[in-house]
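Worksheet for the structure shown next.
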2 protein chains.
Amino acid sequence: MRAGQNVSAERLEDVLALLHAQGDRVTTPRRLLIESLIEAGGHRTAEELAAEVQSRAPDVHLSTIYRNLEELERLGVIEQVRFGGGAATYHLAAARHGHLVCSECGVTIEVPDELFRPLERTAKTRYGFTIDPHHLAMRGRCVACSASEHSPGG
Amino acid sequence: MRAGQNVSAERLEDVLALLHAQGDRVTTPRRLLIESLIEAGGHRTAEELAAEVQSRAPDVHLSTIYRNLEELERLGVIEQVRFGGGAATYHLAAARHGHLVCSECGVTIEVPDELFRPLERTAKTRYGFTIDPHHLAMRGRCVACSASEHSPGG
DNA sequence: CGTCATCTGCGAATGATTCGCAACGTAGCA
DNA sequence: TGCTACGTTGCGAATCATTCGCAGATGACG
Ligand SMILES: [Mn+2]
Ligand SMILES: [Mn+2]
Ligand SMILES: [Zn+2]
Ligand SMILES: [Zn+2]
């Protein structure tokens with residue numbers, strides 16, 4: 001049981017147990033953050049999670065959110081996902097998936113890891129490189145934006 | 001001839017012609033930046049490019065570099081590549097390729113686009129999504145870091 | 001309860017990028 | 001060879017996301 005490999009902690013009690021086992025303390029900000037992540041379902045920025053937590057404990061500071069996100073990621077409970085320019089987003093590692101983000105309209109499509117298998121295999125075979133398809137999104141153009149192609153002269 | 005689709009401008013004169021055709025002016029900072037990008041070969045941050053340009057024209061400001069990088073990207077002359085956390089990097093669009101970045105040691109492997117073809121095809125078929133495999137790197141673990149796996153107890 | 005290391009709130013610092021604006025320089029034309 | 005128009009630059013301040021330092025608060029365990 002090594003940190004960063006855990007995929008199955010998706011209930012509050014599981015995560016708290018994991019924290020406890022690490023010698024980490026179960027504090028109010030921490031518990032509220034985990035609850036927010038579990039309830040969230042989708043991607044949330046640190047700022048969004050802070051707002052959620054603060055609706056129940058107004059004094060929790062954004063820097064505390066960042067510190068706890070860092071620790072939860074280290075434990076493998078959550079995953080940080082970068083979509084490109086802006087703020088990083090986070091979600092439960094149990095809900096792992098790949099991401100396609102449209103550079104035009106910003107829409108995000110969540111796709112099963114399975115889509116990345118051929119790429120993962122080739123990268124492994126040719127370069128010995130083990131791809132993690134979760135941490136960054138693939139950019140491109142969604143079907144809608146491909147259709148409305150710059151009002152094609154006509 | 002639409003902006004953002006140009007792949008072939010790799011000589012200074014080509015790029016200058018492209019600028020001119022757009023009504024953009026050929027200024028000293030701009031020309032020096034393009035020269036730096038051509039000479040660079042690999043990935044460069046705005047800061048690195050600024051240093052290079054400033055070695056010949058000391059007063060060129062970093063914000064001017066950013067503004068010109070933005071314009072050159074818009075014209076499809078260069079491509080912005082984000083590796084994850086830090087500063088964005090840039091290189092000639094003519095030298096397009098994919099990127100594998102080791103989360104452990106930071107090493108970057110440049111790979112042919114061809115590696116992404118299966119992924120591109122599936123994304124297109126299943127989601128109508130056209131992937132651009134250049135703008136973001138794939139994270140993971142390089143062969144060296146996979147070998148030295150956390151000093152495996154024994 | 002008491003001890004003590006871990007956490008937290010807070011504000012300041014950092015790093016990357018963007019913005020506002022007045023001065024400047026390029027390109028087209030007289 | 002100017003003149004003009006407007007794109008561009010230098011500069012500093014602003015913004016956005018994230019990290020740090022520190023003194024005081026709090027959870028764990030006995
Ligand atoms: Mn996701
Ligand atoms: Mn590259
Ligand atoms: Zn779109
Ligand atoms: Zn490595």
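Protein chains get the first letters and strands the later ones, always in sequence-line order, with residue 1 at the start of each.
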Between D:dT8 (P) and B:Leu72 (CG): distance, integer Å: 11 Å

Under 6.0 Å between ring centres, would you say that holds for B:His97 and B:His91? yes

Note: A:Ser36 and A:Leu49 closest approach over all heavy atoms is CB-CD2, 4.1 Å

Please find the pair of heavy atoms, one from B:Met138 and one from B:Phe116, that lie closest to each other, and give the distance. CG-CE2, 3.9 Å

Starting from P on C:dT8, measure out to CG on A:Leu69 and report it in whole angstrom. 11 Å

Considering just the side-chain nitrogens and oxygens of B:Tyr66, establish if one lies under 4.0 Å of OP1 or OP2 belonging to C:dT18. no

Which whole-number value in Å describes the distance from B:His61 NE2 to C:dA22 C1'? 15 Å

A:Glu71 has an atom CD; how far is it from atom P of D:dT19, in whole Å? 14 Å

Which atom of B:Arg30 lies closest to which atom of B:Arg25, heavy atoms considered: NH1-O, 2.8 Å

C:dG28, OP1 or OP2 - any side-chain N/O from B:His20 closer than 4.0 Å? yes

Would you indicate which nucleotide in D:dG27, C:dA16, C:dC7 comes nearest to any side-chain atom of A:Thr28? D:dG27

Tell me which of B:Gly23 and B:Pro58 sits closer to the 5' end of DNA chain D, going by the nucleotide each one is nearest to. B:Gly23

Whole angstroms only, please: what is the CG-P distance between B:Leu33 and D:dG10? 12 Å

Scan B:Ser63 against the nucleic acid and name what it touches under 4.0 Å (heavy atoms): base, sugar-phosphate only, or nothing. base

Describe the nucleic acid contact of A:Ala46 in one word from base, sugar-phosphate, nothing, applying a heavy-atom distance below 4.0 Å. nothing

With under 30° as parallel and over 60° as perpendicular, where do the rings of B:Phe83 and B:His43 fit, or are they tilted in between? perpendicular

Side-chain atoms of B:Val26 come closest, of C:dG9, C:dA27, C:dT17, to C:dA27

Judged by nearest nucleotide, the residue sitting upstream toward the 5' end of DNA chain C, A:Asp24 or B:Tyr90, is A:Asp24

For A:Phe83 and D:dC16, give me the distance from atom CZ to atom P, rounded to whole Å. 20 Å

Nucleotide C:dA5, atom C1' - distance to CG of A:Leu19 in whole Å: 16 Å

Rounding to an integer number of Å, can you tell me how far A:Gln22 CD sits from D:dA28 P? 15 Å

Looking only at the side chain of A:Arg25 (C-beta and beyond, no hydrogens), which of the listed nucleotides D:dA5, D:dG10, D:dT26 gets closest? D:dT26

Counting only distance, no hydrogens or angles, is the base of C:dG25 paired donor-acceptor with the side chain of B:Arg30 under 3.5 Å? no

Under 3.5 Å, is there an N or O donor on one side and an acceptor on the other linking the side chain of B:Arg67 and the base of D:dG7? no

So, is B:Thr27 close to the C:dG25 phosphate, meaning a side-chain N or O under 4.0 Å from OP1 or OP2? no

How many angstroms lie between CG in B:Leu115 and CZ in A:Phe129, if you round to the nearest 0.5 Å? 11.0 Å

Out of D:dG12, D:dA28, D:dT9, which nucleotide sits closest to the side chain of B:Asn68? D:dT9

